[in-house]
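See structure below.
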Amino acid sequence: MVENAAMAELEQRRILKTAIPGPRSLELMARKAGAVARGIGTTMPVFAVEAGGGVVVDVDGNSLIDFGSGIAVTTIGNSAPRVVAAVRDQVELFTHTCFMITPYEGYVAVAEQLNELTPGDHEKRSVLFNSGAEAVENTVKIARAYTKKQAVVAFDHAYHGRTNLAMALTAKNMPYKHGFGPFAPEVYRAPMSYPYRDDKLMDGEVAAHRATDLIDKQVGAGNLAAVIIEPIQGEGGFVVPADGFLPALADWCRANEVVFIADEIQTGFARTGAMFACELFDVVPDLIATAKGIAGGLPLAAVTGRAEIMNAAHVGGLGGTYGGNPVACAAALAAMETIKAENLVARAAEIERIMLGRLHRIQAEDNRIGDVRGRGAMIAVELVHQDSTDPDPGFTTAAATAAREKGVIVLTCGTYGNVLRFLPPLTISDELLNEGLDVLAEVFSTKASMCSPKSSQQHDPSCQRR
Ligand code: PLZ
């Protein structure tokens, strides 16, 4: 692994010097409340000063194990050495010209890389943007321009972003949509394949048929421009669809002249133990939206796809002032080189093995863990009330808070708020990974007698498990 001075100095250890949050973080949280709009929430109220490898260091000197990667962004580690060097070099040359005014090579090189790395060996084109939501919006613009149709189908539990069209595509009301309507029209929702919650007899093909049948009846393929789906859902609960679901859906799209869009904003760039999660399911999307892990933490996003679809939008129809900023492009080239040079796709698969092994062992002792699932370094546990599949968001919040107080950054997700998700950077050491898992094991064992009452009951007598 290439190391730089800063990273070598950053001790790869969990260190707790104060309570979490410490006094300086508390002071800064008070300043945040006085200066930043309340709509921006805080998962963990500690302020970062440095990060790398598998740790985030806070203003009180606490060194926290990073199981979040800033929501699946710093896949190659924070301040990855190649990214730092590439950004430094580019910043000294120029920071912006606007690619639509005077182009530069970095943008073209990123597009070439994306065309090569994304699934399928057909002729492709790419276009760059700033955020995942912007990429998603543009997949729909492009699909509409190509098909001359308007409707778009998204799925239950989907998350596609916070801009107006992306909000319409996103399933969950609170906190993403509540009070922010009206939403973009011509967006329809289909049922997702959710093996833990679906009928046990529902295999992937049957689940796909359930979705396409509803689309046929309620929308009509003749009106449908695109189907957009996360191959493994992110914010919606790390839902891994049943085998056969995505290929059947993609086949139906092809047969009906509907553009099949994969939103790989969270799953892309080695995160799931493949360069892109579509590969795990043997599907080749027509368009693929990427962001997050693409540029080692700098804001960049992309749409890549079949040349004939990508070229359907007229000249000047796509763009934006900052899209494909030269500094972000330099970072992206360095990030992609890092993934290849450090064999991070294989590292993600190794992380999957370690995490699933440990979490299955914890689950065997604890029937509040209804499901353990995920691929690569995108792993989750779904928490339920004892001896049922009823979601337990109260216990989930308590477990996440307990883990954070012990110095492990963990995130929650899921339509029902009952999923603990783990997204470590692929540069985390086995020691830190295992230490983070030790903390989780400790949290589950010390919280053994703690569970929240079912919403329908004042007191759950089955709560006393041990
Ligand atoms: N599509 C699949 O995961 C971003 C959002 C966090 P942006 N997910 C994290 C939050 O609460 O805002 C995401 C995603 C998928 C689209 C997006 C949107 O990407 O870069 O946040 O716009």
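Not measured: the values here are computed from a predicted model.
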For the backbone of Glu442 and the side chain of Lys406, can you confirm whether one donor and one acceptor N or O come within less than 3.5 Å of each other? no
How about Phe281 and Leu249: do any of their side-chain heavy atoms sit closer than 4.5 Å? no
Check: Asp203 side chain, Val206 main-chain N or O, donor-acceptor pair, under 3.5 Å: yes
Donor-acceptor pair, side chain of Lys177 and main chain of Met174, under 3.5 angstrom: no
Using the rule given for side chain to side chain contact (heavy atoms under 4.5 Å, CB included), can you reason through Thr412 versus Thr397, listing the C-alpha separation, both sets of side-chain angles and the distance that settles it, and then say yes or no? CA-CA 8 Å; Thr412 60; Thr397 307; 5.7 Å; no
Might you point out which heavy atoms bring Leu300 and Ile294 nearest each other, and give the distance in Å? O-CG2, 3.3 Å
Are the side chain of Arg189 and the backbone of Phe155 linked by a donor-acceptor contact shorter than 3.5 Å? yes
Closer than 3.5 angstrom, by distance alone: can the side chain of Asn164 be matched with the main-chain N or O of Pro182 as a donor-acceptor pair? yes
Residues passing the ring pair (Phe, Tyr, Trp, His ring centres under 6.0 Å) test with Tyr416, sequence neighbours excluded, are none
Verify, without hydrogens or angle tests, whether Asn256 (side chain) and Trp252 (backbone) share a donor-acceptor contact under 3.5 angstrom. yes
What closest approach, in Å, do Met29 and Thr42 show between heavy atoms, and which atom pair accounts for it? CE-OG1, 3.7 Å
Counting C-beta onward and ignoring hydrogens, is there a side-chain heavy-atom pair between Asn223 and Lys149 closer than 4.5 Å? no
I need the Asp156 CG to Ser193 OG distance, nearest 0.5 Å. 11.5 Å
Are Val439 and Ile65 packed together at the side-chain level, in the sense that at least one heavy-atom pair is separated by less than 4.5 angstrom? no
Look at atom CD of Glu205 and say whether more than 12 heavy atoms of other residues, nucleotides or ligands are closer to it than 6.0 Å. no
Salt bridge or not between Arg24 and Asp60? Use side-chain N to carboxylate O under 4.0 Å. no
Roughly how far apart are Gln113 CD and Thr304 OG1, rounded to 0.5 Å? 11.0 Å
salt_bridge(Arg421, Glu235) N-O dist < 4.0 Å: yes
Quick one: CG on Leu128 to CG on Leu114, what's the gap to the nearest 0.5 Å? 6.5 Å
Does the side chain to side chain contact (heavy atoms under 4.5 Å, CB included) test come out yes or no for Val381 and Gln363, once each step is laid out? CA-CA 9 Å; Val381 291; Gln363 182 190 32; over 6 Å; no
Could you tell me whether Arg197 and Glu382 make a salt bridge, using a distance below 4.0 angstrom between a side-chain N and a carboxylate O? yes
Nearest 0.5 angstrom please: Thr75 OG1 to Arg347 CZ, how far? 13.0 Å
Which pair of non-hydrogen atoms, one from Ala291 and one from Ala301, has the smallest distance, and what is that distance? CB-CB, 3.7 Å
May I ask you to test the Gln218-Val153 pair for a side-chain heavy-atom distance under 4.5 Å? no
Heavy-atom side-chain proximity of Phe238 to Leu423 below 4.5 angstrom: yes
Quickly, which of Asp216, Asp199, Asp198 forms a salt bridge (Lys or Arg N to Asp or Glu O under 4.0 Å) with Arg210? Name it, please. Asp198
So among Gln233, Met378, Arg271, which one has a side chain to side chain contact (heavy atoms under 4.5 Å, CB included) with Gln266? Met378
Any salt bridge linking Asp438 with Arg358? Criterion: basic side-chain nitrogen under 4.0 Å from a carboxylate oxygen. yes
Val152 and Glu186, any side-chain heavy atoms less than 4.5 Å apart: no
Quick one: does Asp66's side chain have a donor or acceptor within less than 3.5 Å of a partner on Gly54's backbone? no
Search all heavy atoms of Pro45 against all heavy atoms of Ser25 and return the closest pair with its distance. O-CB, 3.5 Å
Report the distance from atom CD1 of Ile339 to atom CD1 of Ile76, rounding to the nearest 0.5 Å. 6.5 Å
Can you confirm whether Thr147 sits close enough to Glu257 that some side-chain heavy atom of one is under 4.5 Å from a side-chain heavy atom of the other? no
I'd like to know whether OH of Tyr322 has more than 12 heavy-atom contacts from other residues, nucleotides or ligands below 6.0 angstrom. no
Should the heavy atoms of other residues, nucleotides or ligands under 6.0 Å from CD of Gln150 be counted, would the total exceed 12? no
Aromatic rings Tyr107 and Phe99: how do their planes relate, parallel, tilted or perpendicular, breaks at 30° and 60°? parallel
Chi angles and distances behind the side chain to side chain contact (heavy atoms under 4.5 Å, CB included) call for Leu165, Val136: CA-CA 8 Å; Leu165 174 55; Val136 164; 6.0 Å; no
Are the ring centres of Phe269 and Phe276 closer than 6.0 Å? yes
Determine the minimum heavy-atom distance between Arg404 and Ile20, stating which atoms define it. O-CG2, 3.7 Å
Give me the atom names and distance for the closest heavy-atom approach of Ser69 to Pro425. OG-N, 2.9 Å
Does some side-chain heavy atom of Val384 sit less than 4.5 Å from a side-chain heavy atom of Asp390? no
I would like to know whether Val259 and Arg306 meet side chain to side chain contact (heavy atoms under 4.5 Å, CB included); could you show each step before the answer? CA-CA 10 Å; Val259 176; Arg306 295 184 188 280; over 6 Å; no
Decide whether Thr396 and Asn418 meet the rule of one side-chain donor and one side-chain acceptor closer than 3.5 Å. no
Working to the nearest 0.5 angstrom, can you tell me the gap between Met355 CE and Phe422 CZ? 6.0 Å
Main chain of Glu264, side chain of Lys292: is a donor-acceptor contact present, judged purely on distance under 3.5 Å? no
